[in-house]
Amino acid sequence: MRKKTLSAAVLCAATVIGVSGLSVTSAAAAEPTPRPKADFNGDGYADLAVGVPGATVGGKAKAGYVNVVWGGKNGLGKHGSATVSQDSAGVPGHAEKDDGFGYAVRPADMNGDGITDIVVGTPDEDNGTQLSAGTVTVLWGSKSGIKGGFTAATGEYSSERLGALLTTGDFDGDKDQDIVLNRAGEESSGVALRPGPVKEGSPSGLKPITSWHFNGPVAVTSADFDADGRDDLAVSYGDGEITGTDVLSHPDAGTRPWKERWSIADYSHSLAAGDFDGDGTVDLALGNIAASSESDGDNFCPDTLGGSIATAYGKRGTTLGGPTSCTNQGSPGVGGEDENGDAFGSRLAVANLDRDGIDELIAGSESEAVGSAKKAGSYWVLASTGPGKPFAGPSISQNSAGVPGTAEAGDRFGAAVATGDFNGDGYPDTAVGAPGEDASKGGVWYARTPKDGPNPAQVSLTPGKLGLSGAHKYGSVLGR
């Protein structure tokens, strides 16, 4: 079983923040260059989808839009961007006050043409007299950029808030991409499947997966956790008396309930799947995990002031049957201090930054205090030190070397994190949102991962630099 040593973890993270004399795995030893998972114009470079649900469109406050920052040989910020709203040509609906278009954003190739599309959740969209019924829209990627869209699902009753949570995958094994989304209710809430194909004329009815009384889903992600060739759903639910995190798989023909493959009583504010030990099985990271009130102290992770990231490792022939680990700011090699309310790992993303076949975990904590600056925010590039052991990596803030700006109270640096090979050099890079920057106009920080040597200074992408109008809390939602 392969693992990263503590020195390798520090090596990778230190390279990202620009410590001289350190380098990542050489290109000769690296794995083949993966295809970009978010390439909306098919040019071979990863692009970044930024949801701006608080944006003003045509004078309508909080109508929302999605801003696509194009990747290219010079990375993010040098190749322009495109803004898409419900007032854009070919996009269903109309920009209306408080819709919040872009509240949730998920890149995926929904029509199988080889170019990534964008699944967008607008939970406060009204459906006639049904207020905040919600809608899910697919924006079509093309060689010439985003070209119109398609309504994949629409809420049927008030406060259903359809599309506040989204994930995609081929859950039923028919080779079409499906959408899993939330549905809120008066006394219970749950998740449902919008089966593919997702195209004009396809059935848009939703199929219930599961629901919880007086509670609802908090985080979702998807991956093939049981190695059967179909995607599975990981969902955390709670913030009340009934809490938990489950991995569910689509039923076989002739059976109705989704199958529970793995379950714990604790819930998480963010979920991310990756292979953190390089053994070829899928692992699950649970960010800012919260203890169940009914676990009698036998929690997945011990309670800490600032929060913990739990990791359940995969094992061949099982679903997450390997060892488990907990990582917090008190773990060896993890930067920062464990302080009340930090919400460590409340946002997670995954990438194999050094292309050694072992994934790193990018963890954001928008509530992290930096010095005396409350909620200035930080993020970490963490690597596993072995199955069952904590991850390790230093904290990165706007006070770190090579990071533009200064850590200020309320910046919320790390409120969203994403990864992608934005400059096409074969190594995934990171993008980190700071929606509280500049009096809540917001911004995104782009950090390039070099082939070797120290990383150059990060680049800040702000609404002003991108020429955007109406932006508010830019960087609060990043597609991943």
Distance-only polar pair, side chains of Q177 and D170, donor-acceptor under 3.5 Å: no
What's the verdict on side-chain contact (heavy atoms from CB on, under 4.5 Å) for R347 and E366, showing C-alpha distance, side-chain angles and the deciding distance? CA-CA 8 Å; R347 296 293 180 267; E366 62 185 286; 4.1 Å; yes
Taking R316 for the side chain and A227 for the main chain, is one N or O donor matched with an acceptor at less than 3.5 Å? no
Tell me, with the steps shown, if W380 and F344 meet ring pair (Phe, Tyr, Trp, His ring centres under 6.0 Å). CA-CA 9 Å; W380 290 254; F344 180 67; 4.9 Å; yes
Please state whether the rings of W258 and F171 are parallel, tilted or perpendicular, taking 30° and 60° as the class boundaries. tilted
For the residue pair S367 / D342, report whether a side-chain donor-acceptor contact shorter than 3.5 Å exists. no
Between F413 and W445, does the ring centroid distance fall short of 6.0 Å? yes
Atom CD in E368, atom OG in S395: separation rounded to 0.5 Å? 6.5 Å
Roughly how far apart are D47 CG and D39 CG, rounded to 0.5 Å? 5.5 Å
Side chain proximity check, V68 to S81, heavy atoms < 4.5 angstrom: no
What heavy-atom pair brings S346 and S365 nearest, and what distance separates the two atoms? OG-CA, 4.0 Å
Just by modelled atom types, is the V235 backbone N or O under 3.5 Å from a matching donor or acceptor in the D246 side chain? no
Does the side chain of N399 come under 3.5 Å of the side chain of S397 through a donor N or O and an acceptor N or O? no
So does P435 get a backbone contact from the side chain of S476, meaning a donor-acceptor N/O pair under 3.5 Å? no
Between N215 (side chain only) and I242 (backbone N and O only), is there a donor and an acceptor less than 3.5 Å apart? yes
Have S460 and K465 got a donor and an acceptor in their side chains that come within less than 3.5 Å? yes
Pair V282, D275 - check side-chain contact (heavy atoms from CB on, under 4.5 Å), show working. CA-CA 5 Å; V282 180; D275 183 2; over 6 Å; no
Would T210 and Y237 count as having a side-chain donor-acceptor pair, cut-off 3.5 Å? no
Taking atom CD1 of I358 and atom CG of D277, what is their separation to the nearest 0.5 Å? 7.5 Å
Is there a donor-acceptor pair closer than 3.5 Å between any side-chain N or O of N288 and the backbone N or O of G345? no
Is there a donor-acceptor contact under 3.5 Å linking the side chains of Y474 and N67? yes
For the pair D429 and R448, find out whether any cationic side-chain nitrogen is under 4.0 Å from an anionic carboxylate oxygen. no
Please check: side-chain N/O of T327 versus main-chain N/O of F391, any donor-acceptor pairing under 3.5 Å? yes
Which heavy atom of N182 sits nearest a heavy atom of E160, and at what distance? ND2-O, 4.5 Å
Answer yes or no for R161 and Y103: cation-pi contact, defined as NZ/CZ to six-membered ring centre under 6.0 Å and angle to ring axis within 45°. yes
Atom of S331, atom of C326 and distance for their closest heavy-atom approach: OG-O, 4.0 Å
With distance as the sole test, does Q329 use its side chain to make a donor-acceptor pair with the main-chain N or O of E337 at under 3.5 Å? yes
Kindly give the heavy-atom pair with the smallest separation between F276 and S384, and that separation in Å. O-CB, 3.4 Å
Sub-4.5 Å side-chain heavy-atom contact between F225 and S249: no
Using a 3.5 Å distance criterion without hydrogens, assess whether the side chain of D126 forms a donor-acceptor pair with backbone atoms of S132. yes
Of all the heavy-atom pairs spanning D359 and G274, show the shortest one and how long it is. OD2-CA, 3.4 Å
Answer yes or no: is there a side-chain heavy-atom contact under 4.5 Å between S159 and L131? no
A153 to L181 - nearest heavy-atom pair and separation: CB-CD2, 4.1 Å
Verify side-chain contact (heavy atoms from CB on, under 4.5 Å) between I362 and T419, making sure each step is shown before the conclusion. CA-CA 8 Å; I362 293 80; T419 60; 3.8 Å; yes
Distance-only polar pair, side chains of S188 and S211, donor-acceptor under 3.5 Å: no
Less than 4.5 Å apart, side chain to side chain, heavy atoms only: is that true for L193 and H250? yes
Is there side-chain contact between P387 and P323, with at least one heavy-atom pair below 4.5 Å? yes
Do D117 and L139 make a side-chain contact, defined as non-hydrogen atoms from C-beta onward lying under 4.5 Å apart? no
Are V370 and Q398 packed together at the side-chain level, in the sense that at least one heavy-atom pair is separated by less than 4.5 angstrom? no
Taking side chain as C-beta onward, heavy atoms only, is L478 less than 4.5 Å from V444? yes
Answer yes or no: is there a donor N or O on one side and an acceptor on the other, between the side chain of S236 and the main chain of S268, under 3.5 Å? yes
Determine, step by step, whether T168 and V119 satisfy the side-chain contact (heavy atoms from CB on, under 4.5 Å) criterion, reporting the C-alpha distance in whole Å, the side-chain angles of both residues, the deciding distance to 0.1 Å, and the verdict. CA-CA 9 Å; T168 58; V119 184; 4.1 Å; yes
Separation between OG (S222) and CG (L166), nearest 0.5 Å, reads 11.0 Å
Would you say the side-chain atoms of D232 pair up with the backbone N or O of D226, donor to acceptor, closer than 3.5 Å? yes
Between atom OH of Y45 and atom CZ of F422, what is the distance when rounded to the nearest 0.5 Å? 14.0 Å
One should read off an interatomic distance between L284 CG and T245 OG1, to the nearest 0.5 angstrom, of 7.5 Å
